[in-house]
Amino acid sequence: MLIIFDAVIFIYGLYTIYSSLKMKKTGELSNFFTGGSMEPIRDVHGYIDYIYGRTIVLGAVAVLFGMVGFVNDYITPLPMLMKALIVLFLTVVIWFTININRAKRRFW
């Protein structure tokens with residue numbers, strides 16, 4: 001059952017990185033990064049520049065967490081590493097949420 005959880009987090013991380021790279025390349029926002037807001041954004045490129053690196057960090061931590069979770073569940077137990085990664089992942093998610101809210105106040 002945990003393989004589904006590991007896979008979802010891993011795929012989420014890959015999709016986050018892919019969406020961020022695509023957003024930076026095309027200069028167009030994805031609904032993934034707007035939080036479903038329908039209001040027009042004042043400075044699209046400023047928002048993309050602000051959120052791009054932060055999104056890569058979130059995606060990389062999610063990919064790492066998914067991979068190590070799979071190894072922990074199916075190859076060899078890594079209890080201390082998993083505890084540290086859970087704290088890291090939750091910290092990065094909270095940090096990213098705070099940054100998204102700051103970006104919305106700043107660029108919307």
Side-chain angles (χ1 to χ4, degrees):
M1 182 66 179
L2 289 178
I3 192 167
I4 294 171
F5 183 70
D6 297 334
V8 166
I9 290 179
F10 179 78
I11 291 168
Y12 168 79
L14 290 178
Y15 181 73
T16 301
I17 293 169
Y18 166 77
S19 295
S20 182
L21 293 171
K22 182 179 175 190
M23 177 181 63
K24 185 72 169 177
K25 182 179 177 184
T26 64
E28 296 177 5
L29 286 178
S30 156
N31 285 339
F32 185 73
F33 296 107
T34 62
S37 178
M38 295 303 204
E39 296 177 35
I41 187 168
R42 287 182 290 129
D43 183 6
V44 173
H45 294 291
Y47 181 79
I48 290 171
D49 290 340
Y50 181 83
I51 210 67
Y52 173 72
R54 292 161 175 86
T55 306
I56 297 292
V57 170
L58 175 67
V61 170
V63 166
L64 177 67
F65 185 79
M67 288 187 325
V68 173
F70 178 81
V71 169
N72 180 63
D73 294 339
Y74 295 99
I75 298 174
T76 184
L78 305 166
M80 294 305 291
L81 181 58
M82 280 307 296
K83 288 177 185 175
L85 279 175
I86 289 169
V87 171
L88 175 66
F89 182 70
L90 292 175
T91 302
V92 169
V93 167
I94 292 167
W95 167 79
F96 185 75
T97 303
I98 290 168
N99 278 286
I100 285 285
N101 289 330
R102 284 183 186 159
K104 283 184 178 181
R105 284 193 302 271
R106 188 171 172 186
F107 297 103
W108 251 270

Approximate separation, where rounding is to 0.5 Å, of [X] [atom1] and [Y] [atom2]:
X: Tyr15; Y: Lys22; atom1: OH; atom2: NZ; answer: 7.0 Å
X: Ile48; Y: Ile41; atom1: CD1; atom2: CD1; answer: 7.5 Å
X: Asn72; Y: Leu85; atom1: CG; atom2: CG; answer: 9.5 Å

Between [X] and [Y], is there shared hydrophobic-cluster membership here, with clusters defined by ILVMFWY side-chain heavy atoms closer than 4.5 Å?
X: Leu90; Y: Val57; result: yes
X: Ile11; Y: Val68; result: no
X: Ile86; Y: Ile94; result: no
X: Ile17; Y: Ile9; result: no
X: Ile75; Y: Leu64; result: yes

Are any non-hydrogen side-chain atoms of [X] and [Y] less than 4.5 angstrom apart?
X: Tyr47; Y: Ile100; value: yes
X: Asp73; Y: Phe5; value: no
X: Asn101; Y: Arg105; value: yes
X: Phe107; Y: Val44; value: no
X: Lys24; Y: Asp49; value: yes
X: Trp95; Y: Leu58; value: no
X: Tyr12; Y: Val63; value: no

TODO: Check whether the ring centres of Phe10 and Phe70 lie less than 6.0 Å apart, and answer yes or no.
DONE: no
For [X] and [Y], which heavy atoms make the closest approach, and how far apart are they?
X: Val87; Y: Thr91; answer: O-OG1, 2.6 Å
X: Val61; Y: Val92; answer: CG2-CG2, 4.0 Å
X: Ala62; Y: Gly13; answer: CB-CA, 3.6 Å
X: Leu29; Y: Met23; answer: CD2-SD, 3.6 Å

TODO: Ignoring hydrogens and angles, tell me if any N or O in the side chain of Arg42 forms a donor-acceptor pair with the backbone of Arg106 under 3.5 Å.
DONE: yes
Open item on the list: Given 3.5 Å as the limit, does a donor-acceptor pair link the side chain of Ser20 with the main chain of Thr16, or not?
Closed with: no
Open item on the list: Counting only heavy atoms not in Tyr18 (residues, nucleotides, ligands), do more than 12 fall under 6.0 Å from its OH?
Closed with: no
Open item on the list: Phe89: which residues meet the ring pair (Phe, Tyr, Trp, His ring centres under 6.0 Å) condition with it, sequence neighbours left out?
Closed with: Phe65
Open item on the list: Evaluate Tyr52 against Leu21 for side-chain contact (heavy atoms from CB on, under 4.5 Å), listing each step before the verdict.
Closed with: CA-CA 8 Å; Tyr52 173 72; Leu21 293 171; 3.2 Å; yes
